[in-house]
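Data block below; observations after.
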Amino acid sequence: MSKKLVIYLMAGAGTPALAAAAVAGGADIIEFGFPFSDPLADGPVIRAAGEKALAAGMRTAACLECLAATRALVGETPLVPMTYASLLEAYGWERFESDAREAGATSFIIVDTAAGSRPELRRVQLVAPTSTDERIALAASETDGWLYLVTLTGTTGARTELSDALGGLAARARALTDVPLYAGFGISTPEQARAAADVTDGAVVGSRAVLVAEEGPAALQEYVASLREALDA
């Protein structure tokens with residue numbers, strides 16, 4: 001079975017074209033960042049991208065419009081808004097789910113809302129090396145489609161090496177669930193994506209994709225294609 005490639009992009013005026021380029025390069029899923037003013041899980045690259053988006057007026061309504069425009073360009077490719085609970089508290093949880101799905105959202109990632117909380121919003125759940133087996137099993141039972149394995153303790157961001165903790169986390173998750181496992185946080189190179197996919201079902205690339213996206217759609221497509229080639233090797 002082909003390994004899945006998930007690419008994260010921050011909502012903005014250029015995001016629809018960037019998402020289309022990522023899909024053309026081989027991305028299977030687009031994580032669609034809704035910027036938040038205090039993104040505790042995000043490292044400097046995504047934090048800066050969020051600040052830039054907010055400065056450009058990318059509030060929730062504008063992000064939903066951007067999501068709809070992206071959906072129009074990427075066909076059936078899954079689009080997964082990723083944000084924080086405070087944004088949904090301000091907008092309204094039910095209203096956000098309804099409006100986001102109408103705009104083309106396939107699922108959701110709410111970084112700071114653990115499994116067992118807000119079960120009415122079915123979403124992709126995250127687990128980390130610090131998660132107990134009980135917590136992993138709960139997250140797997142509630143997750144929407146796949147389980148997001150956070151490869152390290154800390155914030156997002158490119159790293160020079162893949163976290164040694166991933167292998168153990170993946171092995172524990174495999175023993176507890178049959179849902180697909182995708183690894184993210186700290187994955188930036190084709191080699192790291194391949195190594196992550198060797199012990200999981202796919203890789204999530206965020207900070208490096210956001211940096212490359214600043215160079216435009218062509219550069220992003222080329223970068224995503226290099227990741228796709230590595231995963232398919």
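Side chains included, hydrogens not; waters and symmetry mates left out as well; all remaining heavy atoms used.
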What distance do [X] atom [atom1] and [Y] atom [atom2] have between them, rounded to the nearest 0.5 Å?
| X | Y | atom1 | atom2 | value |
| --- | --- | --- | --- | --- |
| Gln125 | Leu138 | CD | CG | 7.5 Å |
| Thr83 | Tyr91 | OG1 | OH | 12.5 Å |
| Leu88 | Thr60 | CG | OG1 | 8.0 Å |
| Ser207 | Ile187 | OG | CD1 | 11.0 Å |
| Leu220 | Leu211 | CG | CG | 11.0 Å |
| Leu18 | Gln221 | CG | CD | 11.0 Å |

Please check if the side chain of [X] supplies one atom and the backbone of [Y] the other of a donor-acceptor pair under 3.5 Å.
| X | Y | value |
| --- | --- | --- |
| Arg71 | Ala103 | no |
| Ser117 | Thr113 | no |
| Thr200 | Ala196 | yes |
| Thr177 | Val179 | yes |

Please answer: with hydrophobic residues joined when any side-chain heavy atoms are less than 4.5 Å apart, are Phe108 and Met58 in the same cluster?
no
Closest heavy-atom pair and its distance - [X], [Y]:
| X | Y | answer |
| --- | --- | --- |
| Leu227 | Ser188 | CD2-O, 4.3 Å |
| Gly145 | Pro180 | O-CD, 3.3 Å |
| Ile110 | Ala85 | CG2-N, 3.7 Å |
| Thr15 | Gly12 | OG1-N, 2.8 Å |
| Ala62 | Gly57 | CB-O, 3.7 Å |
| Leu5 | Arg228 | CB-NH1, 3.7 Å |

With side chains defined as the heavy atoms from C-beta onward, is the minimum distance between [X] and [Y] less than 4.5 Å?
| X | Y | result |
| --- | --- | --- |
| Ile46 | Met10 | yes |
| Val80 | Phe32 | no |
| Tyr148 | Val6 | no |
| Val224 | Ile7 | yes |
| Thr77 | Ile29 | no |
| Pro81 | Ser107 | no |
| Asp201 | Tyr182 | yes |
| Val212 | Val210 | no |

Below 6.0 angstrom between ring centroids: does that apply to Phe96 and Phe34?
yes
Step by step, work out the salt bridge (Lys or Arg N to Asp or Glu O under 4.0 Å) result for Asp133 and Arg172.
CA-CA 7 Å; Asp133 285 358; Arg172 288 199 292 135; 2.7 Å; yes
Leu67/Leu79 under side-chain contact (heavy atoms from CB on, under 4.5 Å): CA gap, chis, key distance, verdict
CA-CA 8 Å; Leu67 179 65; Leu79 296 176; 3.8 Å; yes
Between [X] and [Y], is there a side-chain N and carboxylate O pair less than 4.0 Å apart?
| X | Y | answer |
| --- | --- | --- |
| Arg194 | Asp232 | no |
| Lys3 | Asp198 | no |
| Arg122 | Asp144 | yes |

Quiz question: by atom type and distance under 3.5 Å, do the side chains of Glu94 and Ser98 form a donor-acceptor pair?
no
When you look at CD of Glu134, are more than 12 heavy atoms from neighbouring residues, nucleotides or ligands closer to it than 6.0 Å?
no
For Glu120, the side chain to side chain contact (heavy atoms under 4.5 Å, CB included) test, sequence neighbours excluded, returns Arg118
Across all chains, not counting sequence neighbours, the side-chain hydrogen bond (donor to acceptor under 3.5 Å, both in side chains) partners of Glu142 are none
Using side-chain hydrogen bond (donor to acceptor under 3.5 Å, both in side chains) as the criterion, list what pairs up with Arg101, not counting sequence neighbours.
Glu97
Go through Arg208 and Val45 one step at a time and tell me if the side-chain contact (heavy atoms from CB on, under 4.5 Å) criterion holds.
CA-CA 8 Å; Arg208 183 60 185 166; Val45 170; over 6 Å; no
Let me see the working for Thr151 and Leu169 under side-chain contact (heavy atoms from CB on, under 4.5 Å), right down to the final yes or no.
CA-CA 8 Å; Thr151 66; Leu169 175 60; over 6 Å; no
Could you give me the CA-CA distance, side-chain angles and deciding distance for Leu181 and Trp146, then say whether side-chain contact (heavy atoms from CB on, under 4.5 Å) is met?
CA-CA 6 Å; Leu181 311 174; Trp146 49 282; over 6 Å; no
